[in-house]
Amino acid sequence: MSVENDSSQVQGLAAEGGYPTYPLAPGYRVNVRSGPGTNYSIIDVLPAGGYVTIRCQCPGTTISGPYGTTDIWDCIGNGRFVSDAYVKTGSDGYIAARCA
């Protein structure tokens, strides 16, 4: 499957869930972790050019990336987190509800 197919599949799935969809930083493959920090295991890697659905956000390990330095982690599914430093949300703060 090509990167184009991967990103369109992710975007399509996101739209079905009713949550907002955001693009990943161009040219970066982004690690998906089992919790909000680098001390959690990598459970997946999203393709360059992909999109994510942000269900909620929470604080975690501080990360520097293409969109700044932040401790905000985006929950993109049950037990699936990515650093907000790699997601183009248009904001340096929280844009979704805090995870419970």
Side-chain angles (χ1 to χ4, degrees):
M1 183 181 290
S2 73
V3 170
E4 290 174 0
N5 288 341
D6 285 346
S7 65
S8 63
Q9 180 183 21
V10 171
Q11 189 173 20
L13 292 172
E16 293 173 16
Y19 295 100
T21 302
Y22 299 94
L24 298 174
Y28 288 88
R29 293 176 42 134
V30 178
N31 291 333
V32 177
R33 295 188 177 267
S34 61
T38 55
N39 54 318
Y40 291 90
S41 61
I42 296 171
I43 57 174
D44 199 0
V45 179
L46 300 176
Y51 289 78
V52 294
T53 301
I54 299 177
R55 295 172 178 231
C56 60
Q57 295 176 301
C58 60
T61 306
T62 299
I63 298 291
S64 292
Y67 297 119
T69 300
T70 184
D71 71 343
I72 298 173
W73 285 74
D74 304 329
C75 177
I76 62 168
N78 190 20
R80 297 171 57 85
F81 293 84
V82 297
S83 172
D84 197 60
Y86 289 89
V87 181
K88 186 177 184 180
T89 62
S91 174
D92 289 337
Y94 287 88
I95 52 89
R98 293 245 183 156
C99 301

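In this chain, residues are counted from 1 in sequence order.
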Residue pair L24, V87: steps toward the side-chain contact (heavy atoms from CB on, under 4.5 Å) verdict: CA-CA 5 Å; L24 298 174; V87 181; 4.0 Å; yes
Check: Y40 main-chain N/O paired with R33 side-chain donor or acceptor under 3.5 Å: yes
Co-membership, hydrophobic cluster, residues V52 and Y67, 4.5 Å side-chain: no
Joint cluster assignment, Y22 & F81, ILVMFWY side-chain distance < 4.5 Å: yes
Over all atoms of both residues, closest heavy-atom pair of A85 and G68: CB-O, 3.5 Å
Considering all heavy atoms, the nearest A96-I54 contact: CB-CG2, 3.8 Å
Intermediate values then yes/no, side-chain contact (heavy atoms from CB on, under 4.5 Å), I76 and T53: CA-CA 5 Å; I76 62 168; T53 301; 5.6 Å; no
Residues which pass side chain to side chain contact (heavy atoms under 4.5 Å, CB included) with D92, listed by chain and number, not counting sequence neighbours: none
Residues in side chain to side chain contact (heavy atoms under 4.5 Å, CB included) contact with Y86, at least two apart in sequence or another chain: Y28, V30, I63, P66, S83
I72/Y94 under side-chain contact (heavy atoms from CB on, under 4.5 Å): CA gap, chis, key distance, verdict: CA-CA 7 Å; I72 298 173; Y94 287 88; 3.9 Å; yes
Step-by-step side-chain contact (heavy atoms from CB on, under 4.5 Å) determination, W73 to T61: CA-CA 8 Å; W73 285 74; T61 306; 4.3 Å; yes
Which residues share a side-chain hydrogen bond (donor to acceptor under 3.5 Å, both in side chains) with R80, sequence neighbours left out: D44
Min side-chain heavy-atom separation C56-Y19 under 4.5 Å: no
